[in-house]
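Computed from a predicted model, the values in this text were never measured in an experiment.
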Amino acid sequence: MAKLRKMLGDPTGPRAKALMALIDTQNASTLGRWAAAYAEERYLPILSRRPRDR
């Protein structure tokens, strides 16, 4: 298992372990598509509400 990095919450908790186990079963392409979809869903709406820089 890779070295754990700083994170909010308990990295050895059951939710973190379950997420890491799920990530370990996926390939890079699947994880990349998930990350892109997540960013599109979560971050793009925030950016679209910002006033445009002039």
Side-chain angles (χ1 to χ4, degrees):
M1 189 158 135
K3 178 182 171 186
L4 296 176
R5 298 181 179 175
K6 288 185 180 181
M7 60 189 292
L8 298 176
D10 182 11
T12 60
R15 287 185 179 176
K17 284 184 178 180
L19 181 60
M20 287 188 270
L22 179 62
I23 289 171
D24 285 341
T25 65
Q26 305 301 312
N27 63 31
S29 176
T30 301
L31 293 173
R33 284 193 307 269
W34 174 84
Y38 185 86
E40 183 178 5
E41 178 184 320
R42 300 288 179 162
Y43 301 126
L44 289 181
I46 294 169
L47 293 174
S48 68
R49 289 193 304 253
R50 282 183 34 189
R52 300 259 185 232
D53 293 334
R54 293 181 188 209

Considering only distance and modelled atom types, tabulate donor-acceptor pairs under 3.5 Å from the side chains of residues 29-48, sequence neighbours left out.
residue	atom	partner	partner atom	Å
S29	OG	R33	NH1	2.7
T30	OG1	N27	OD1	2.9
S48	OG	L44	O	3.4
S48	OG	P45	O	2.9

Any ring-ring contact (aromatic ring centres under 6.0 Å, His included) pairs touching residues 12-32, not counting sequence neighbours?
none
Looking at T25 and L22, what are the two nearest heavy atoms and their distance?
OG1-O, 2.7 Å
